[in-house]
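Below is one structure, written out as structure tokens, with a few remarks after it.
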Amino acid sequence: MDDAQEDLLEHEDADLSEKPFLPPYNVPFRSTRLNIQRSNVCSRAYFVVVMVFFHVYILNVIALLLYVHYNNGPGDLVNGDGASSAPVINTDSRLPQPAPSGRELHVEDYSQSFSLHRMEGIRVGHVQHVSIVPDRTHEMKTLSLKPLLFEIPGFLSEEECRVVVQLAQLKGLMDSKAATPSQEQAELNQPLLSLSTEEVFSLLDLNQDGFLQKQEIVSHSRSRDGTWLSPDNLRQILSGLEASPTEILTLGEFRRVYDVSQRPRQQRTGSLHSHFKQRNRHTWLFQGPGSHHVLQALRKRVIALTRLPSALIELSEPLQVSRYEHGDFTNAHYDSSSSQSETTCAHTRLAGNTSALTEVSCRYLTVLFYLSSVEDGGESTFPVADNRTYDERALVQDGVDLTDTQQACGKGNLRMTPTAGTALLWYNHLSDGRGWMGELDEYSLHGDCPVKRGVKWVADSWVNVDPDHQQQARYQRLVAQRHKAKSSMDDHYQSLSHSDLHLDL
């Protein structure tokens with residue numbers, strides 16, 4: 001038995017001596033398994049980090065595209081080649097720099113793109129500080145949200161008010177009466193010839209095909225012949241044609257439209273303020289290069305206050321200065337006009353719609369300066385300011401028309417007493433939501449109460465903007481080209497005069 005066990009042990013020792021030594025089975029298996037797990041963990045972590053960075057990058061790209069899309073929308077004007085360009089003025093970060101004066105004016109500024117800045121009213125009574133002149137801030141108080149109306153006390157000094165008044169007196173004032181139309185004035189809007197409906201239709205039907213088309217009516221409007229059809233008649237006929245589904249008028253359809261156009265305007269619309277009334281004296285003061293330094297300073301302050309591009313304000317109307325004496329007034333009215341297919345803006349008529357029947361004022365905002373205080377009366381009134389809704393029928397209270405400032409000035413929702421040096425700013429149009437001028441704000445209806453004692457001096461600075469941003473861009477490019485051509489010609493003649501001076505001597 002012992003011999004057998006010894007033989008078995010010797011046999012096992014021999015087997016072990018023939019085979020190389022191997023460590024226990026579970027040791028290398030356990031080590032290898034741990035290495036595989038660590039590798040997988042590292043790979044997953046790396047993958048997660050990469051995917052997070054990738055998604056963050058995609059989100060940033062999407063956010064950038066959305067930012068560019070909403071900031072370079074219709075609010076930005078287009079360049080001459082039709083491609084949209086980025087805004088050149090960041091109205092949220094800094095105020096636009098006023099343009100240099102004289103011959104150093106940069107003409108290319110007129111053709112750059114921009115959007116229309118619009119201040120926030122926050123709430124009625126809210127006061128914010130604005131920087132208009134160096135080393136000083138002004139308080140700007142919100143008076144109304146409908147329309148968006150602000151008051152800025154101390155916009156002008158007493159000396160500056162006196163200078164503007166004196167410049168207006170030196171320039172000379174003209175009457176701006178527009179009372180109830182007399183019989184003679186009413187006849188001016190009536191055709192000189194009395195024709196039947198069939199005869200008018202035949203005269204308008206240029207190709208004699210029995211149908212009236214828009215181009216035929218527009219062609220007559222361009223001739224400005226009012227001997228047998230007044231401009232008001234033309235507007236009514238064109239409106240009736242555009243309302244037709246076929247955009248043409250037969251004789252029967254024209255007869256109905258023409259009969260309506262022959263009625264008095266007040267009977268057609270039911271409007272109580274169809275006839276605008278005012279009585280004052282006014283003049284216009286140029287604010288460009290070479291004008292008085294106070295007038296140029298006022299323009300720079302308007303640029304700083306409105307945060308609009310200087311080129312836009314430089315191309316707007318001159319400063320209007322008005323004088324109201326005892327009993328003078330202005331009925332409630334709108335400074336700007338609604339955009340319609342048959343109208344074109346007066347300030348862009350150089351690049352305007354040739355088929356338009358009427359030129360209207362297009363004023364984005366109004367800045368009014370009180371140049372004197374008034375002892376009694378002369379308030380600026382906004383009859384429907386901050387009404388919940390606007391309804392023209394609500395302008396009549398107890399049988400009194402609120403637009404008639406002579407009778408109903410005290411019934412207006414908002415009135416401001418004139419104080420020398422104070423400025424008012426309000427927007428005549430709403431925003432279109434894309435950085436440009438939208439519809440006319442009906443709440444901007446305003447007027448001037450009669451002066452009871454004293455003299456009232458005011459100045460109006462209007463910023464003209466065309467509702468069609470592309471037309472505004474064409475107009476500015478056209479002005480830039482003419483300005484550049486004029487500057488080149490002036491430089492040419494100036495160089496000739498200096499070089500040939502010795503010949504004249």
| task | Might you work through the side-chain contact (heavy atoms from CB on, under 4.5 Å) test for Ile58 and Ile62, ending with a clear yes or no? | result | CA-CA 6 Å; Ile58 293 298; Ile62 294 175; 3.9 Å; yes
Can any side-chain N or O of [X] pair as donor or acceptor with the backbone N or O of [Y] at less than 3.5 Å?
X	Y	value
Thr419	Thr422	no
Thr142	Ser144	no
Asn331	Thr405	yes
His129	Thr137	no
Lys146	Arg388	yes
Ser316	Leu312	yes
His138	Ser131	no
Asn280	Tyr324	no

Can you see which heavy atom on [X] is nearest to which on [Y], and at what distance?
X	Y	result
Met416	Phe382	CE-CE1, 3.4 Å
Arg281	Leu173	NH2-O, 2.9 Å
Phe155	Leu305	CE1-CD2, 3.8 Å
Pro147	Tyr427	CB-O, 4.0 Å
Gly421	Cys161	N-SG, 3.7 Å
Ser336	His429	OG-NE2, 2.6 Å

So do the side chains of [X] and [Y] get within less than 4.5 Å of each other, counting heavy atoms only?
X	Y	answer
Ile152	Lys141	no
Leu143	Leu414	yes
Asp401	Gln407	no
Thr306	Ile313	yes
Tyr334	Leu445	yes
Val165	Val321	no
Leu425	Leu149	no
Leu315	Asn464	no

| Please walk me through it: do Met119 and Met140 pass side-chain contact (heavy atoms from CB on, under 4.5 Å)? | CA-CA 11 Å; Met119 290 182 287; Met140 183 172 67; 3.5 Å; yes
Taking atom [atom1] of [X] and atom [atom2] of [Y], what is their separation to the nearest 0.5 Å?
X	Y	atom1	atom2	value
Ser461	Leu319	OG	CG	6.0 Å
His282	Ser322	NE2	OG	6.5 Å
Leu156	Arg162	CG	CZ	12.0 Å
Asn387	Glu442	CG	CD	11.5 Å
Lys456	Thr417	NZ	OG1	10.0 Å

Show which side-chain atoms of residues 283-292 pair as donor or acceptor with protein atoms under 3.5 Å away, not counting sequence neighbours.
residue : atom : partner : partner atom : Å
Thr283  : OG1  : Gly172  : O            : 3.0
Gln287  : NE2  : Leu295  : O            : 2.9
Ser291  : OG   : Gln287  : O            : 3.4
Ser291  : OG   : Gly288  : O            : 2.6
His292  : ND1  : Val294  : N            : 3.1

| query | Could you go step by step and tell me if Leu395 and Tyr390 meet the side-chain contact (heavy atoms from CB on, under 4.5 Å) rule? | reply | CA-CA 9 Å; Leu395 292 174; Tyr390 177 83; 3.9 Å; yes
Any chance [atom1] of [X] has more than 12 other-residue heavy atoms, nucleotides or ligands included, within less than 6.0 Å?
X	atom1	value
Lys171	NZ	yes
His126	NE2	yes
Glu158	CD	no
Glu439	CD	no

Please list every donor-acceptor pair under 3.5 Å in which a side-chain atom of residues 360-374 meets a protein atom from a residue at least two apart or in another chain.
residue : atom : partner : partner atom : Å
Arg363  : NE   : Glu317  : OE2          : 2.7
Arg363  : NH1  : Asp335  : O            : 3.0
Arg363  : NH2  : Glu317  : OE1          : 3.0
Arg363  : NH2  : Glu317  : OE2          : 3.3
Tyr364  : OH   : His117  : O            : 3.2
Thr366  : OG1  : Asp335  : OD2          : 2.8
Thr366  : OG1  : Asn428  : ND2          : 3.0
Thr366  : OG1  : Trp462  : NE1          : 3.2
Tyr370  : OH   : Ser380  : OG           : 2.6
Ser372  : OG   : Val455  : O            : 3.2
Ser372  : OG   : Trp457  : N            : 2.9
Ser373  : OG   : Ala420  : N            : 3.0

| query | So Thr348 and Asp466, side-chain hydrogen bond (donor to acceptor under 3.5 Å, both in side chains) or not? Walk me through it. | reply | CA-CA 7 Å; Thr348 56; Asp466 197 303; 2.7 Å; yes
| Arg323 and Asp328: salt bridge (charged side-chain N to carboxylate O under 4.0 Å, His left out), yes or no, with the steps? | CA-CA 9 Å; Arg323 172 189 171 99; Asp328 288 352; over 6 Å; no
| said: Are His446 and His333, when compared by the centres of their aromatic rings, separated by less than 6.0 Å? | reply: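 Centroid distance His446-His333: below 6.0 Å, so yes.
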| said: Distance to the ring centre below 6.0 angstrom and angle to the axis at most 45 degrees; does that hold for Arg279 and Phe329? | reply: no
| Which is it for Met437 and Leu430 under the side-chain contact (heavy atoms from CB on, under 4.5 Å) test, yes or no, and what are the steps along the way? | CA-CA 6 Å; Met437 189 170 79; Leu430 303 172; over 6 Å; no
| message | Below 30° counts as parallel, above 60° as perpendicular, anything between as tilted: where do the rings of His469 and Trp436 land? | response |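 Perpendicular: the ring planes of His469 and Trp436 meet at over 60°.
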| request: Go through Asp386 and Asn413 one step at a time and tell me if the side-chain hydrogen bond (donor to acceptor under 3.5 Å, both in side chains) criterion holds. | output: CA-CA 8 Å; Asp386 282 331; Asn413 288 356; over 6 Å; no
| Going by atom types only, do Gln472 and His347 share a side-chain donor-acceptor pair under 3.5 Å? | yes
| field | Contacts of Arg301 that satisfy salt bridge (charged side-chain N to carboxylate O under 4.0 Å, His left out) - sequence neighbours left out | value |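 By the salt bridge (charged side-chain N to carboxylate O under 4.0 Å, His left out) rule, Arg301 matches Glu160.
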